[in-house]
Amino acid sequence: QVQLVESGGGLVQSGGSLRLSCAASGRTFSNYVMGWFRQAPGKEREFVAAITVRGDTYVRDSVKGRFTVSRDNARNTVYLQMNSLKPEDTAVYYCAADTSLPATMRGDLDYWGQGTQVTVSS
């Protein structure tokens with residue numbers, strides 16, 4: 001089992017920044033691909049970003065150049081730095097873990113956090 005706890009969400013004005021953190025425990029963190037997903041009210045959950053075991057990153061087109069995913073294996077933590085936030089970024093953000101990159105990109109991960117709310121005001 002892997003337990004994931006997100007933090008860092010909140011209310012921010014358009015153009016502002018937030019850094020989300022996801023602390024992992026239970027299994028060897030460095031063995032897992034870590035993903036960030038989000039779900040806005042009335043919409044389906046969508047992929048935001050992922051980082052592989054060796055540090056390769058993937059980011060959805062709509063947030064490229066604004067969001068950066070990183071990981072600190074010594075701290076068992078993955079981060080999502082979000083800059084130039086827009087109202088359309090408002091959603092509950094989830095981190096998730098899986099050993100498979102294809103599964104991660106499909107959103108079919110084994111372990112999920114409880115989510116953290118990000119609200120961007122215009």
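Treat the numbers as computed from the prediction; the structure is a model and nothing was measured.
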Asks: Taking all non-hydrogen atoms of both residues into account, name the closest pair between Q81 and S17 and its distance.
Replies: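 So the minimum-distance heavy-atom pair works out to NE2-CB, 4.1 Å.
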Asks: Give the minimum heavy-atom separation between L85 and V12, together with the two atoms involved.
Replies: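 Nearest pair, atom of L85 first, then V12: CD1-CG1, 3.6 Å.
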Asks: As an exercise, state the distance from CD of Q39 to CD of E44, rounded to the nearest 0.5 Å.
Replies: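 Answer for the CD-CD pair, Q39 versus E44, is 8.0 Å.
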Asks: If hydrophobic clusters are built from ILVMFWY residues whose side chains come within less than 4.5 Å, do W36 and V33 share one?
Replies: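 W36 does not cluster with V33.
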Asks: For the hydrophobic clusters of this structure (ILVMFWY residues joined by side-chain heavy atoms under 4.5 Å, transitively), does one cluster hold both Y79 and F37?
Replies: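 Shared cluster, no.
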Asks: Any salt bridge linking D89 with K86? Criterion: basic side-chain nitrogen under 4.0 Å from a carboxylate oxygen.
Replies: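 Between K86 and D89 there is no salt bridge, as every charged N stays at least 4.0 Å from the carboxylate O atoms.
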Asks: Looking at OG of S84 and CZ of F67, how far apart are the two atoms once the value is rounded to the nearest 0.5 Å?
Replies: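 If I round to the nearest 0.5 Å, the distance is 9.0 Å.
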Asks: Mind listing the closest non-hydrogen atom pair of T77 and S21 along with its distance?
Replies: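 Taking every non-hydrogen atom into account, CG2-CB, 4.2 Å.
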Asks: Check the surroundings of atom CZ in R60: do more than 12 heavy atoms from other residues, nucleotides or ligands lie under 6.0 Å from it?
Replies: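 Yes, enclosed.
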Asks: Working note: T99 + Y32, criterion side chain to side chain contact (heavy atoms under 4.5 Å, CB included); need CA distance, chi angles, decisive distance, verdict.
Replies: CA-CA 5 Å; T99 55; Y32 287 84; 3.7 Å; yes
Asks: Do the side chains of V63 and L80 join up, straight or via other hydrophobic residues, at under 4.5 Å, putting them in one cluster?
Replies: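 Same cluster: V63 reaches L80 through Ile, Leu, Val, Met, Phe, Trp or Tyr contacts under 4.5 Å.
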Asks: Taking F29's backbone N and O only, do any of them form a donor-acceptor pair with R71's side chain (distance below 3.5 Å, no angle check)?
Replies: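 Yes; at least one donor-acceptor contact below 3.5 Å.
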Asks: Quick one: closest heavy-atom pair of A97 and M34, and the distance?
Replies: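 So the minimum-distance heavy-atom pair works out to CB-SD, 3.6 Å.
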Asks: Hey, could you give me the OG/CG distance between S30 and D72, rounded to the nearest 0.5 Å?
Replies: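 Answer rounded to 0.5 Å: 11.5 Å.
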Asks: Of all heavy-atom pairs between L20 and Y93, which one has the smallest distance, and what is that distance?
Replies: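 Closest heavy-atom pair between L20 and Y93: CD1-CB, 3.5 Å.
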Asks: Can any side-chain N or O of S100 pair as donor or acceptor with the backbone N or O of A103 at less than 3.5 Å?
Replies: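 Checking the backbone N and O of A103 against the side chain of S100, a donor-acceptor pair under 3.5 Å is found.
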Asks: Can you give each donor-acceptor pair under 3.5 Å made by side-chain atoms of residues 45-58, sequence neighbours left out, with the distance rounded to 0.1 Å?
Replies:
from, atom 1, to, atom 2, distance (Å)
R45, NH2, G107, O, 3.3
E46, OE2, R38, NE, 2.6
E46, OE2, R38, NH2, 3.0
T52, OG1, R54, N, 3.4
T52, OG1, G55, N, 3.3
T52, OG1, D56, N, 2.9
R54, NE, D56, OD2, 2.5
R54, NH2, D56, OD2, 3.1

Asks: Only pairs under 3.5 Å count here: list side-chain donor-acceptor contacts from residues 110-122, not counting sequence neighbours, and write none if there are none.
Replies:
from, atom 1, to, atom 2, distance (Å)
W112, NE1, L109, O, 3.1
Q114, NE2, E6, O, 3.4
Q114, NE2, E6, OE1, 3.4
T116, OG1, G9, N, 3.2
Q117, NE2, A91, O, 3.4
Q117, NE2, T119, OG1, 3.3

